[in-house]
Amino acid sequence: MYDYHIHLYYDISTRPVAKLLRNSLYSMLEGVAEVSLLHDKPPYPHPQPMFEIAFPKDLLPKLTKWFKAHRNGHSVLLHPVLGDETDAYHSKGRWMGPPLIIV
């Protein structure tokens with residue numbers, strides 16, 4: 001069980017950069033976090049394609065700093081893992097970059 005998720009959102013024009021970021025994170029976090037594949041079809045309730053990282057609390061400062069430096073204009077949502085993910089997105093989520101509407 002992981003404590004936090006980060007979602008990086010992209011579109012068709014920014015997919016190549018998102019793929020590079022995802023692959024860098026996968027290499028960097030192998031064995032300590034889960035880095036999903038790119039989801040070109042946005043999984044509900046996400047409004048855009050994205051990939052996700054599930055990670056323990058001790059990585060929060062490192063990943064927050066990394067995303068601030070490397071998100072390349074992408075919208076990024078950081079939130080704790082709660083029983084109700086939609087609540088986590090809305091009440092506990094923090095955005096880096098433009099926030100998106102998550103239903």
Side-chain angles (χ1 to χ4, degrees):
M1 178 68 169
Y2 291 105
D3 304 305
Y4 284 88
H5 290 167
I6 291 181
H7 305 268
L8 181 135
Y9 298 92
Y10 61 91
D11 61 32
I12 194 69
S13 68
T14 61
R15 187 184 192 282
V17 174
K19 184 176 180 179
L20 289 172
L21 293 173
R22 183 257 171 222
N23 291 345
S24 294
L25 286 159
Y26 182 83
S27 295
M28 182 174 79
L29 299 171
E30 190 171 8
V32 295
E34 290 184 20
V35 180
S36 77
L37 297 173
L38 296 177
H39 296 284
D40 291 335
K41 181 180 176 188
Y44 182 83
H46 301 279
Q48 283 185 236
M50 62 96 180
F51 71 87
E52 173 182 22
I53 302 166
F55 62 95
K57 185 177 184 174
D58 62 320
L59 289 178
L60 182 60
K62 176 181 180 175
L63 288 176
T64 300
K65 183 177 179 179
W66 192 93
F67 273 94
K68 285 182 179 178
H70 297 95
R71 65 179 185 81
N72 291 359
H74 291 93
S75 292
V76 173
L77 173 62
L78 165 67
H79 68 86
V81 174
L82 303 175
D84 180 347
E85 289 300 290
T86 304
D87 183 47
Y89 301 151
H90 294 283
S91 67
K92 304 290 184 191
R94 291 188 328 200
W95 286 97
M96 292 178 239
L100 303 176
I101 296 173
I102 297 180
V103 292

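Reckoned from all heavy atoms, side chains included, excluding hydrogens, waters and symmetry mates.
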Do any side-chain atoms of residues 90-103 form donor-acceptor pairs under 3.5 angstrom with protein atoms, and if so which ones, sequence neighbours left out?
| unit_1 | atom_1 | unit_2 | atom_2 | d |
| --- | --- | --- | --- | --- |
| His90 | NE2 | Ile102 | O | 2.8 |
| Ser91 | OG | Asp87 | O | 2.9 |
| Ser91 | OG | Asp87 | OD1 | 3.1 |

Report task. Share the residues that join Leu82 in a hydrophobic cluster, the rule being Ile, Leu, Val, Met, Phe, Trp or Tyr side chains under 4.5 Å apart at the heavy-atom level. Result ->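 Under the 4.5 Å side-chain rule, Leu82 groups with nothing.
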
Query raised in the report: Nearest heavy-atom pair of Asn72 and Val17: which atoms, and what distance?
Result: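 Shortest heavy-atom contact: ND2-CG1, 3.3 Å.
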
**Report entry** Exercise: identify the closest heavy-atom pair between Pro16 and Ser13
**Finding:**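 So the minimum-distance heavy-atom pair works out to CD-O, 3.9 Å.
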
Side-chain heavy atoms under 4.5 angstrom apart, residues restricted to Ile, Leu, Val, Met, Phe, Trp, Tyr: same cluster for [X] and [Y]?
{"X": "Met28", "Y": "Tyr4", "answer": "yes"}
{"X": "Val35", "Y": "Val32", "answer": "yes"}
{"X": "Leu25", "Y": "Val76", "answer": "yes"}

Please tabulate, one pair per line, all N/O donor-acceptor pairs under 3.5 Å involving side-chain atoms of residues 51-65, not counting sequence neighbours.
| unit_1 | atom_1 | unit_2 | atom_2 | d |
| --- | --- | --- | --- | --- |
| Glu52 | OE2 | His5 | ND1 | 2.8 |
| Thr64 | OG1 | Leu60 | O | 2.8 |

Query raised in the report: Where do Phe67 and Ile6 land on the side chain to side chain contact (heavy atoms under 4.5 Å, CB included) test, with the steps shown first?
Result: CA-CA 9 Å; Phe67 273 94; Ile6 291 181; 3.6 Å; yes

Query - All pairs passing side chain to side chain donor-acceptor pair (under 3.5 Å) where residues 16-39 contributes a residue, at least two apart - result: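 Passing the test, one end in residues 16-39: no pairs.
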
Atom pairs and distances, side-chain donor-acceptor, residues 40-49, under 3.5 Å, sequence neighbours left out:
| unit_1 | atom_1 | unit_2 | atom_2 | d |
| --- | --- | --- | --- | --- |
| Asp40 | OD1 | Tyr10 | OH | 2.5 |
| Asp40 | OD1 | Arg15 | NE | 2.8 |
| Asp40 | OD2 | Arg15 | NE | 3.0 |
| Asp40 | OD2 | Arg15 | NH2 | 3.1 |
| His46 | ND1 | Tyr9 | OH | 2.8 |
| His46 | NE2 | Tyr89 | OH | 3.2 |
| Gln48 | NE2 | Tyr10 | O | 3.0 |

Query raised in the report: Hey, are the side chains of Leu21 and His74 touching, using non-hydrogen atoms and a 4.5 Å cut-off?
Result: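 Sidechains of His74 and Leu21: in contact.
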
